[in-house]
Amino acid sequence: MHNPYDELIRDVRIFLESLSAELGKDITNYLNSVTRAPPNYGYLAIPVHGLIREYGNLEEVINKVPKPRLISRVLLINGYLNIDVNINEYANLVLGAVNSLGEKYGVSDKCPRASYIIEHTSANPAKPMHIGHGRNAALGDSLARLLRFCGSSVRVHFYVNDCGDQMPYVGIGYYVVKDLVLSRVKSGVKPDEVIGEVYSITYAVTEIKRLSKQIEQLSNEGKYDEANKLIGERDEWVSVINNFLNRDRELTESLIKGLGKFEDLPLMIKQWSRAYEEGDEFVRKVIREAVDLVLRGFRATLDRLGVYFDSWDFESEVAVDNGGVSRVINELLTRAPQYVEREDGALIFRADKYAQDLGLWDELRLPRYIPKATLLRSDGTSLYLTRDIAYALWFWANFRFDALIRVIGSEQTHPQAQLRLALHAMGYHELARKIMHYSYEMVNLAGMKMSGRRGVYVTLDELINETKSRVMDLVKSRFTPEEADKVAEAVAVGAIRYSFVSVSPNKPLTFSWDKVLNLRQNSGPFIQYTYVRANSIIEKAGVVPRLTNIPSNIAGEEKELVLILGEYPEVIAKAAQDLRLEYITEYVNRLSLLFNSYYEKYPVLNSEPGIREFRLNLVNAVRTVLGSAMEILGIPRLSRM
RNA sequence: GGCCCCGUAGCUCAGCCAGGAUAGAGCGGCGGCCUCCUAAGCCGUAGGUCGUGGGUUCAAAUCCCACCGGGGCCGCCA
């Protein structure tokens, strides 16, 4: 496999081996501390302060030792071995590899090659996806693309959480205003948007009814302080309703009117919840209809972002209907009865005790604190965690995989730990080890807290549309309307995906329009722009001539470009091993900065013969590597922008 | 209170896992560059007690300890 940087390191090793022989001591472990040398000091550097202390001046020995093919010079400065590259040889190697491999360049034997299942995004089918799901989707999808690029087999799953507590609200609300919802959808409103409103309004109405009842009761008992507290709470929900009245009077009023017919809405919610889990035909049909509408909306949004799934797993099917939940309970009771307790009729798994007794912290990568886990409510219904365990078993029964990567917010650290512990307790040790919680921190609104139930959030659609319209201002003068639309969409998607994936996932991300709408350097559009420039040169050239000769005096920028291009397979391997996509955005930004700087300074098409051929190959290599990285990051490629 | 994550330039972040030479980018600021392959670009410039205090080391943004500050979780929600 072609990994120029690795070949260079092999030569460094050879050099160190020769040096070892000369010194009579194995110093090849210094290979682990190879770093980049500062500008003008060559390419690589190895700190050898210890060696100098031990052997005094090393210069003589260094000069005595022959230099392997790819190394042009080794100098001892400030306690460092500064190693420079034989750039002609190396350029041949790098450009040759890129030319012959094309878009496959970057794959090396350091890439993990295994079989993965990635579950990501998995937004609750009750309301439109918000920007937090955007982060999740961008991470999950790019991880999938990265691992696939490496030659791994990857299946991508979306877990449709159709048994959650919010589903009866969606179902009942939808049932009440079904005709209105469908006519809205027919007239072009996004289905997830309509259902989202239905959900929020239904939830608010239910809360108001529930609180009113409590308030009445407390007042009758003379507990006015407590009643007043709840009145404040109720007022908040009333103001939510008022907001919706301003936004969509027709829908809100129909819902209030329709829901008003129900005697005890809070009770009805509970009944629907149970009925859904038990497979009641009518309730199933209504909720599934609403869920399908939401998913239709999800798909439209995810399509725009270039995010695709191999499978949409309905919780009701993979965890409930197949008897998954009862199997979880039974196996746990059989295999680890001493860790299962009853508490007020509810069934509790003592995950805390289990972790403590078996000391599984390292093996299952657990936090030091584990809460107890409730698996069944006192009314016998299951909880999310229980169904999640069943879902894991469903994967185990239906697929073979080396790792199951689940992209889930960090706020679920404890439940995800409980999940692994429960599986372990049930005897699925291997499965428990293979499940990886790929955690990411929240996306916050500057100064605001997002709340789905209160309808306070920036949706992914708004994000895409707003970014697109900003881009549109820039491109509308340059293209026909249809072209402009395509370009604006592609640039918006590039901007959004880059901005999500360029920040380390374990950093909380404060969402700001300024940041996303920055279309300059260190952004998706900057990468796209650089690609367009490189691409445009290649298109104008028509063909990339065969590289027969590397000019003897290539420019400093050209040398830098060759070096960075040679690092690509290393970056990919590292990113794939560590599952860190920021390595790729960082790399691609560095490459773009360098290339743009080169582009401004040196003509390619109009350069002298001999030079021209080399430069075209170099530009083509930049284009290829940029294109490859963009594919992984999901940043659309354009030929004009 | 316990557990997890974070703290680096006015702002957003990279670098920390595998310690090494003057701590890097971008945004924003200031000053320049379009008869020439797309100026969404390029060049220059200002801007930093790497949260604080100890420790380990020839060497600490990086490793260890304590503390401070921010976010998240600690539900018969997801």
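Per chain, numbering begins at 1; letters A, B, ... match sequence-line order.
Other residues, nucleotides and ligands contribute more than 12 heavy atoms inside 6.0 Å of the CG atom of Asn29(A). Within a 6.0 Å radius of CZ in Arg470(A), no more than 12 heavy atoms belonging to other residues, nucleotides or ligands are found. The environment of CG in Asn40(A) is sparse: at most 12 heavy-atom neighbours from other residues, nucleotides or ligands sit within 6.0 Å. Taking a 6.0 Å sphere around NZ of Lys353(A), one finds it holds more than 12 heavy atoms contributed by other residues, nucleotides or ligands.
Ser592(A) comes within 4.0 angstrom of nothing in the nucleic acid, heavy atoms only. Residue Thr374(A) is in sugar-phosphate contact alone, with no base atom involved, counting any heavy-atom pair closer than 4.0 Å across all strands shown. Here Arg53(A) lies in heavy-atom contact (under 4.0 Å) with a base. Within 4.0 Å (heavy atoms only), Phe526(A) reaches sugar-phosphate atoms of the nucleic acid but no base atom. In this structure, Asn589(A) reaches the sugar-phosphate backbone alone: every heavy-atom distance under 4.0 Å involves primed, P, OP1 or OP2 atoms, never a base. Residue Lys270(A) is out of contact with every strand shown, counting any heavy-atom pair closer than 4.0 Å. Residue contacts for Leu474(A): at a heavy-atom cut-off of 4.0 Å it reaches a base atom on one of the strands shown. Looking at heavy-atom distances under 4.0 Å, Leu593(A) makes contact with sugar-phosphate atoms alone, never a base. Base engagement by Pro603(A) is indicated by at least one non-hydrogen atom pair under 4.0 Å involving a base atom. Base contact: Val475(A) has a heavy atom under 4.0 Å from a base atom. Counting any heavy atom pair closer than 4.0 Å across all strands shown, Ala45(A) reaches a base atom. Across all strands, Arg612(A) comes closer than 4.0 Å to no nucleic acid atom at all (heavy-atom distances). Within 4.0 Å of Tyr602(A), counting heavy atoms only, lies at least one base atom of the nucleic acid. Among the heavy atoms of the strands lying under 4.0 Å from Pro38(A) is at least one base atom, whether or not backbone atoms are also near.
The phosphate of U12(B) (OP1 or OP2) has no side-chain N or O of Lys507(A) nearer than 4.0 angstrom. Side-chain nitrogen and oxygen atoms of Ser536(A) include at least one within less than 4.0 Å of the OP1 or OP2 phosphate oxygen of U38(B). When the side-chain nitrogen and oxygen atoms of Ser597(A) are compared with OP1 and OP2 of C43(B), one or more of them lie within a distance under 4.0 Å. For A14(B), neither phosphate oxygen OP1 nor OP2 lies less than 4.0 angstrom from any side-chain nitrogen or oxygen of Arg580(A). Put simply, Lys372(A) has no side-chain N or O that comes within less than 4.0 Å of OP1 or OP2 on G75(B).
Summarising the geometry, the separation between OH on Tyr276(A) and P on A78(B) is reported as 14 Å, rounded to the nearest angstrom. G15(B) atom P lies 18 Å from atom CZ of Arg36(A), rounded to whole Å. The separation between Asn596(A) atom CG and A39(B) atom P is 9 Å, rounded to whole Å. Rounded to whole Å, atom C1' of A25(B) lies 15 Å from atom CZ of Arg520(A). Rounded to whole Å, the distance from CD on Gln416(A) to P on A78(B) is 13 Å. Rounded to an integer number of Å, the gap from Asn506(A) CG to C13(B) P is 12 Å. One can place CZ of Arg533(A) at 8 Å from P of A40(B), the figure rounded to the nearest angstrom. In this structure, CD of Gln412(A) is placed 21 Å from P of G71(B), rounded to the nearest angstrom.
Using atom P as the reference point in both U22(B) and C34(B), the two lie 38 Å apart (nearest Å). Going from the P atom of C17(B) to that of C11(B) covers 26 Å, rounded to whole Å. The separation of C16(B) from U62(B), taken at their P atoms, amounts to 12 Å, rounded to a whole angstrom. Taking atom C1' on both G26(B) and G15(B), the two are 15 Å apart, rounded to the nearest angstrom. Taking atom P in both A14(B) and C65(B), one finds a spacing of 23 Å when rounded to whole Å. For the C1' atoms, the distance linking U57(B) with C63(B) amounts to 10 Å, nearest Å. Straight-line distance between the P atoms of U52(B) and A60(B): roughly 15 Å, to the nearest whole Å. A gap of 12 Å separates the P atoms of G2(B) and A66(B), to the nearest Å.
If you look at Tyr169(A) and Trp272(A), their ring centroids are not closer than 6.0 Å.
For C34(B), the O4'-C1' to base torsion is within 90° of 0; the nucleotide is therefore syn.
For G19(B), there is no paired base (Watson-Crick or G-U wobble, both distances below 3.5 Å). Pair check for G47(B) finds none; no Watson-Crick or G-U wobble contact set falls under 3.5 Å. Judged by Watson-Crick or G-U wobble contacts below 3.5 Å, the nucleotide G41(B) has C33(B) as its partner. Nucleotide A25(B) has U12(B) as its partner under the Watson-Crick or G-U criteria, with both atom distances under 3.5 Å. Base pairing analysis places U52(B) opposite A66(B); the two distances defining the Watson-Crick or G-U wobble pair are each below 3.5 Å.
Checking A78(B), C74(B), C17(B) against the side-chain heavy atoms of Asp165(A) singles out A78(B) as nearest. Closest to the side chain of Asp578(A), out of C37(B), C17(B), A21(B), is C17(B). When distances run from any side-chain atom of Asn78(A) to the nucleotides C77(B), U38(B), A21(B), the shortest one goes to A21(B). Side-chain proximity of Pro525(A) to the nucleotides C77(B), A40(B), A21(B) is greatest for A40(B). Nearest nucleotide to the Tyr369(A) side chain, out of A39(B), G2(B), A40(B): G2(B). Proximity note for Glu411(A) (side chain, C-beta onward) versus G26(B), C73(B), A18(B): the nearest is C73(B). Checked against A40(B), A14(B), C76(B), the side chain of Ser504(A) finds its nearest nucleotide in A14(B). The nucleotide whose nearest atom lies closest to any side-chain atom of Tyr529(A) is, among U22(B), G71(B), A39(B), A39(B).
Taking for each of Arg377(A) and Glu582(A) the nucleotide of RNA chain B with the nearest heavy atom, the 5'-most of the two is the partner of Glu582(A). Mapped onto RNA chain B by nearest heavy atom, Thr35(A) and His414(A) fall at different nucleotides, with Thr35(A) at the one closer to the 5' end.
Evaluation of atom-type donor-acceptor distances gives no pair under 3.5 Å for the side chain of Ser410(A) against the base of C4(B). Below the 3.5 angstrom threshold, one finds a donor paired with an acceptor across the side chain of Asn82(A) and the base of A21(B).
For the pair Ser597(A) (side chain) and Leu593(A) (backbone), a donor-acceptor distance under 3.5 Å is absent. Gln528(A) places a side-chain N or O within 3.5 Å of a backbone atom of Ala490(A) that can act as its donor or acceptor partner.
We find that Arg615(A) and Glu558(A) are joined by a salt bridge, their nearest charged nitrogen and carboxylate oxygen being less than 4.0 Å apart. Look at Glu582(A) and Lys507(A) and you find no salt bridge, because none of the NZ, NE, NH1 or NH2 atoms lies under 4.0 Å from a carboxylate O.
Among all heavy-atom pairs drawn from Arg623(A) and Ala534(A), the shortest one is CB-CB, 4.0 Å.
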